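Treat the numbers as computed from the prediction; the structure is a model and nothing was measured.
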Amino acid sequence: MKKKMRGLVAVLLCFSLVLSGCSAKIQEIADKITAYKTGQSLAAAGRPTPVGAGIKLEALGHYPDGFKGKYKVQTGGSGWDGEAPLFNPLGDKSAYNEVKTLTGQVEFTYIDKDYRPATIRAGGMRWEMSMPYESVEEFLNLEKYIEDLGGEVLSSTGDVLMFKIEEDAGKIVWWGKTYPYGEKIWTELCREQWLAMGETLSLTYDEVNACGAQYYFKTASTPGKLQTLTAKPGSGHSWTISGQSGFHSGDYSRDVTFAATLNEFGDYQNTYVYDDIPQEPEDTLWCVRYCCEDSTALSLSFSETADLAPIQYGEGMGALLIKGAPWGSVSVMLQGSNNHLSYRTEHPDIPSNTLSGDQTAEGDTLFWVPPGYWDIQIQNYVSKMVPVSTGKLTVVEAPTNLRRMAVEETTDIPTAAAIEEHGMTFLSPPQEQGETVKLEFLLYDSTAKDPKP
């Protein structure tokens, strides 16, 4: 009996093993059938079409189809004191809520088309005007009006329009900024005169007095060229001329100002020539003022007199390596004044506005400075307008006699006298004194006790 039970159990175990194997096989076959049917249905239905496929896209214009603009280009208009401004969408002066006529300097701040803060400094005849803010389309109409005048919008799109319009082949430039304020649209305008290289600007007392006793004009920067100002005053009391330029990008700001007085203290001269005017990448805004009523006449002209090493401007720092100068005797002038120029520099990498050089393994001096033309002082010597580009290294070789002088001051080792040196070093910039020019320079020759020029 026990044998029969054991046999029955064995048969049941075998049968269960067979069934388990068949079950796995059956499941495998079922999976294959499911996969086959799914593939067939996908093949019959095709691949799904991506949304937007086959749709032809066309860029929309800045203005709606058929948009012609509300304001028409016109000249003149009634009620204006003198000539009406070129930007004049309403025509008559009485059509504006308010109009102010001014003279002087103004700074326009805005966001440019790269969405970066920008500033334009301008000077001359100015207008401030307000008009009703009737609908949200007003700025689109004004933008179309600016384009119809041949102008260019400098700001990014929005409800602030910074624009520029050239007139008379670029001899006159209109700067303008239009923006909402309350229920009005305000426009600030400046009519600015430009003087090209080689041209002459002749002024009289009456012309300057008609502009509020200060006459503004602008000259364009020429990369890689040294510009020179020539001034010829008439008889009478003094004139003053000043100029502002610089470079502004992001957090880097460099301002350079020129100021000179002509015929001061009755020291009348026929001609003044200045080559220490701003040589910055931005255009230079000039202002002429007279001393009193007998300041009769003045003529000004600008010319390009020499080549300058070009500079790549940017916000990043450049490097300046001074070789051959005693350690601790070199400085770079970031702030201060020199003769007719004054300058100011601000950069986030120079928080204290002072530079400290690093000493190299060779004993030279390395400075990290923003891009620009810099004056370098080595002991009592000044090397002017040394170019530094962003991301690049400028190397300056100091006169060999500086190393010799330093050695002689600290030691009497005979090797100092073994160095042969010949040359000349300017100690200061030229200074005008009437009909003569004062120069301070050093002649040195290690082989001659008394060198002669």
Any donor-acceptor pair under 3.5 Å from [X] side chain to [Y] backbone:
X: Asp112; Y: Ser155; answer: no
X: Asp114; Y: Arg116; answer: no
X: Asp255; Y: Gln244; answer: no
X: Thr394; Y: Pro387; answer: yes
X: Ser299; Y: Ser202; answer: no
X: Trp175; Y: Gly123; answer: no
X: Gln377; Y: Val330; answer: no
X: Thr390; Y: Gly316; answer: yes
X: Ser245; Y: Glu282; answer: yes
X: Asp283; Y: Ser221; answer: yes

With distance as the sole criterion, is a donor-acceptor pair present between the side chains of [X] and [Y] under 3.5 Å?
X: Tyr63; Y: Glu147; result: yes
X: Asn88; Y: Tyr96; result: yes
X: Ser329; Y: Gln379; result: no
X: Trp174; Y: Glu167; result: yes
X: Thr109; Y: Thr119; result: no
X: Gln227; Y: Tyr274; result: no
X: Ser301; Y: Thr200; result: no
X: Trp186; Y: Glu128; result: no
X: Arg289; Y: Gln214; result: yes
X: Glu280; Y: Tyr373; result: no
X: Tyr290; Y: Asn209; result: yes

(request) Can you spot which of Tyr145, Tyr179, Tyr133, Phe163 makes a ring pair (Phe, Tyr, Trp, His ring centres under 6.0 Å) with Phe139? (result)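 Looking at Tyr145, Tyr179, Tyr133, Phe163, the match for Phe139 under the ring pair (Phe, Tyr, Trp, His ring centres under 6.0 Å) is Tyr133.
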(message) Rounded at 0.5 Å granularity, tell me how far CG in Leu142 sits from CG in Asp159.
(response)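 That separation rounds to 11.5 Å.
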(request) For the pair Trp286 and Phe258, name the ring-plane relationship: parallel under 30°, tilted 30 to 60°, perpendicular over 60°. (result)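 Perpendicular: the ring planes of Trp286 and Phe258 meet at over 60°.
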Do the side chains of [Y] and [X] get nearer than 4.5 Å, heavy atoms only?
X: Leu195; Y: Phe302; value: yes
X: Glu138; Y: Tyr71; value: yes
X: Val160; Y: Ile111; value: no
X: Trp368; Y: Asp349; value: no

(request) Taking only Lys NZ, Arg NE, NH1 and NH2, and the carboxylate oxygens of Asp or Glu, determine whether Lys218 and Glu192 approach each other closer than 4.0 Å. (result)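 Salt bridge flag = yes for Glu192 with Lys218.
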(message) Tell me whether Glu152 is salt-bridged to Lys164, with the criterion being a basic N under 4.0 Å from an acidic carboxylate O.
(response)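 No, no charged N to carboxylate O under 4.0 Å.
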(request) Assess whether side-chain contact (heavy atoms from CB on, under 4.5 Å) is satisfied between Phe67 and Asn141, documenting all intermediate values. (result) CA-CA 9 Å; Phe67 184 82; Asn141 285 298; 3.3 Å; yes
(message) Quick one, Glu188 with Lys177, criterion salt bridge (charged side-chain N to carboxylate O under 4.0 Å, His left out). Give me CA distance, side-chain angles, the key distance, then yes/no.
(response) CA-CA 5 Å; Glu188 299 178 21; Lys177 180 180 178 181; over 6 Å; no
(message) Before you tell me yes or no, could you show the steps for Lys384 and Asp276 under salt bridge (charged side-chain N to carboxylate O under 4.0 Å, His left out), namely the whole-Å CA-CA distance, both residues' side-chain angles and the distance that decides it to 0.1 Å?
(response) CA-CA 10 Å; Lys384 301 182 67 65; Asp276 56 350; over 6 Å; no
